[in-house]
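Contents: one structure, followed by commentary.
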There are 2 protein chains.
Amino acid sequence: MAKPNTPITEHLAYLLAQANREINRQLELRLSKEGVPVEQWRILKVLSDGDGHSMGELADAVLLNHPTLTKMIDRMVSDTLVYRVQDPNDRRKVLMFISDRGKVLCKKLNSLAVDQEEHILESYGDKSTSELKRLLESLIDSSN
Amino acid sequence: MAKPNTPITEHLAYLLAQANREINRQLELRLSKEGVPVEQWRILKVLSDGDGHSMGELADAVLLNHPTLTKMIDRMVSDTLVYRVQDPNDRRKVLMFISDRGKVLCKKLNSLAVDQEEHILESYGDKSTSELKRLLESLIDSSN
DNA sequence: TTGAAAATATTGAATATTCAAGAATTGAAG
DNA sequence: CTTCAATTCTTGAATATTCAATATTTTCAA
């Protein structure tokens, strides 16, 4: 008897990796118009509520581990997109804030990202998109 | 008027990245029992049809770019999990084959991966899982 | 048939990420 | 209080990835 054994393309882990890679590639392409990597857009977006966010909080939110985030923030500080402030209530922490320049950039990036979402809506459909989002959220929930 | 502006957690690109990260982390954890990174499992799995696959073909299938794949294959050749053969029909190409040792390892890895899929089925549900897979496949299709 | 362009894989240098260790601060138990 | 463990962030070394350039082979048009 031949052994079929699930092909890799049927594994959820693989499908997620493939879809993520493709969508991310498209987004990267748009954001590259402003010369900004996807992770930096995420950082700006999280900080654009104007509140201070600690490095740990940020790392979780933008899906980077701590040392990688530290080094990326170093670059963004050099570019004056964000700045550090020591947390007065807990001096182990560093609070990150977005600068005015960061806000301006973030707006441009947002519209590039919205372009992409619209493009997806068109080719993939309104209904599929919201259903996919719902299922992804619930998968993430069930994994915690 | 306050500016709501979609939070990052509602973007499809972000949800995909988050879900992928989480599922991948879990799979990584299982496969680490055999000390093998997820990409190597994918490579072994693709090669386990016994046919020869060129580097380009492989790179596409396992979602790695060429130079990264070349270097990973170097390691796997050292570990005698796979081997290179020059393609007799097109000598620009290198055909990759899985070794007997690779096959044995691949089987162990498969069952670790199946464990994970079962775990997902339990916590996330049969129906959600297959629906999610369907939607991901169709998203990937619509992106080409 | 020849020569230029395309396809395939690898290499080396530049860059980025990760792991493990360190420094500073806080919390909390004795 | 004091001391020891836990938390938070950063650093430096080790590792991995990527970009650009190279070598080889094939394709195909002139």
Side-chain angles (χ1 to χ4, degrees), chain A residues 17-18 20-22 24-29 31-32 35-43 46-47 51-79 81-97, chain B residues 17-18 20-22 24-29 31-32 35-43 46-47 51-79 81-97:
Chain A
Q18 201 182 356
N20 178 51
R21 186 182 161 90
E22 179 58 25
N24 202 59
R25 196 190 58 74
Q26 287 173 18
L27 182 56
E28 216 162 48
L29 198 65
L31 299 190
S32 72
V36 176
V38 175
E39 290 79 11
Q40 290 197 14
W41 172 59
R42 289 196 196 129
I43 292 170
V46 169
L47 296 186
D51 299 345
H53 294 264
S54 75
M55 292 295 281
E57 219 183 308
L58 251 189
D60 282 351
V62 305
L63 316 176
L64 292 175
N65 53 20
H66 290 218
T68 306
L69 178 64
T70 292
K71 285 154 191 171
M72 183 160 285
I73 289 286
D74 286 347
R75 288 189 286 269
M76 295 175 78
V77 169
S78 299
D79 296 342
L81 297 171
V82 299
Y83 56 94
R84 292 175 160 100
V85 174
Q86 173 132 276
D87 185 338
N89 297 119
D90 183 341
R91 280 159 42 224
R92 288 169 302 182
K93 294 187 184 173
V94 172
L95 298 180
M96 297 305 311
F97 289 90
Chain B
Q18 201 182 356
N20 178 51
R21 186 182 161 89
E22 179 58 26
N24 203 58
R25 197 191 56 75
Q26 288 174 17
L27 182 56
E28 216 163 47
L29 198 66
L31 299 190
S32 71
V36 176
V38 175
E39 290 79 11
Q40 289 197 15
W41 172 59
R42 288 195 197 130
I43 292 170
V46 170
L47 297 185
D51 299 344
H53 294 263
S54 74
M55 292 296 280
E57 219 182 309
L58 251 190
D60 283 350
V62 304
L63 315 176
L64 291 176
N65 54 19
H66 290 220
T68 306
L69 179 63
T70 292
K71 285 154 192 171
M72 182 160 286
I73 289 288
D74 286 346
R75 290 190 285 271
M76 295 176 77
V77 169
S78 300
D79 295 342
L81 297 171
V82 300
Y83 57 93
R84 292 176 160 100
V85 174
Q86 172 133 277
D87 185 337
N89 296 119
D90 183 343
R91 285 167 30 231
R92 289 170 302 182
K93 295 186 184 174
V94 171
L95 298 180
M96 297 305 312
F97 289 90

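Chain identifiers are assigned alphabetically (A, B, ...) following the order of the sequence lines, protein sequences preceding nucleic acid strands; residue numbering begins at 1 within each chain.
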For [X] against [Y], the heavy-atom pair lying closest together:
{"X": "B:Gln86", "Y": "B:Arg91", "result": "OE1-O, 3.1 Å"}
{"X": "A:Leu31", "Y": "A:Trp41", "result": "CD1-CB, 3.7 Å"}
{"X": "A:Val77", "Y": "A:Tyr83", "result": "CG2-CA, 4.4 Å"}

**Message:** Hydrogens and angles aside, do B:Gln26 and B:Glu22 bring a side-chain donor and acceptor to less than 3.5 Å of each other?
**Reply:** yes
Do the side-chain N or O atoms of [X] get closer than 4.0 angstrom to the phosphate oxygens (OP1, OP2) of [N]?
{"X": "B:Ser54", "N": "C:dA9", "answer": "yes"}
{"X": "B:Arg84", "N": "C:dT10", "answer": "yes"}
{"X": "B:Arg92", "N": "D:dT25", "answer": "no"}

**Request:** Find out whether B:Ile73 and B:Leu58 are in side-chain contact, i.e. whether some heavy atom of one side chain is under 4.5 Å from a heavy atom of the other.
**Result:** yes
Rounded distance (Å) that lies between atom [atom2] of [N] and atom [atom1] of [X]:
{"X": "A:Asn24", "N": "D:dT18", "atom1": "CG", "atom2": "P", "result": "12 Å"}
{"X": "B:Lys93", "N": "C:dT10", "atom1": "NZ", "atom2": "P", "result": "13 Å"}
{"X": "B:Leu58", "N": "C:dT10", "atom1": "CG", "atom2": "C1'", "result": "15 Å"}
{"X": "B:Met55", "N": "C:dT11", "atom1": "CE", "atom2": "C1'", "result": "13 Å"}
{"X": "A:Asp90", "N": "D:dA6", "atom1": "CG", "atom2": "P", "result": "17 Å"}
{"X": "A:Arg25", "N": "D:dT17", "atom1": "CZ", "atom2": "C1'", "result": "18 Å"}
{"X": "A:Asn89", "N": "C:dT26", "atom1": "CG", "atom2": "P", "result": "10 Å"}
{"X": "B:Arg21", "N": "C:dT17", "atom1": "CZ", "atom2": "C1'", "result": "12 Å"}

**Request:** Kindly state which residues belonging to residues 63-75 of chain A come within less than 4.0 angstrom of DNA chain C, counting heavy atoms of the residue only, listed by number.
**Result:**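 The stretch gives A:Asn65, A:Pro67, A:Thr68, A:Lys71, A:Arg75 as the residues lying under 4.0 Å from the strand, ordered by number.
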List the atom pairs, with distances to 0.1 Å, where a side-chain N or O of residues 59-70 of chain B and a protein N or O form a donor-acceptor pair under 3.5 Å, not counting sequence neighbours.
| residue | atom | partner | partner atom | Å |
| --- | --- | --- | --- | --- |
| B:Asn65 | OD1 | B:Thr68 | OG1 | 2.7 |
| B:Thr70 | OG1 | B:His66 | O | 3.2 |

**Item:** Contact nearer the 5' end of DNA chain C, comparing A:Glu39 with A:Arg91
**Value:**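 The 5'-side residue here is A:Glu39.
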**Prompt:** Hey, is A:Arg25 close enough to A:Glu28 for a salt bridge, meaning N to O under 4.0 Å?
**Reply:** no
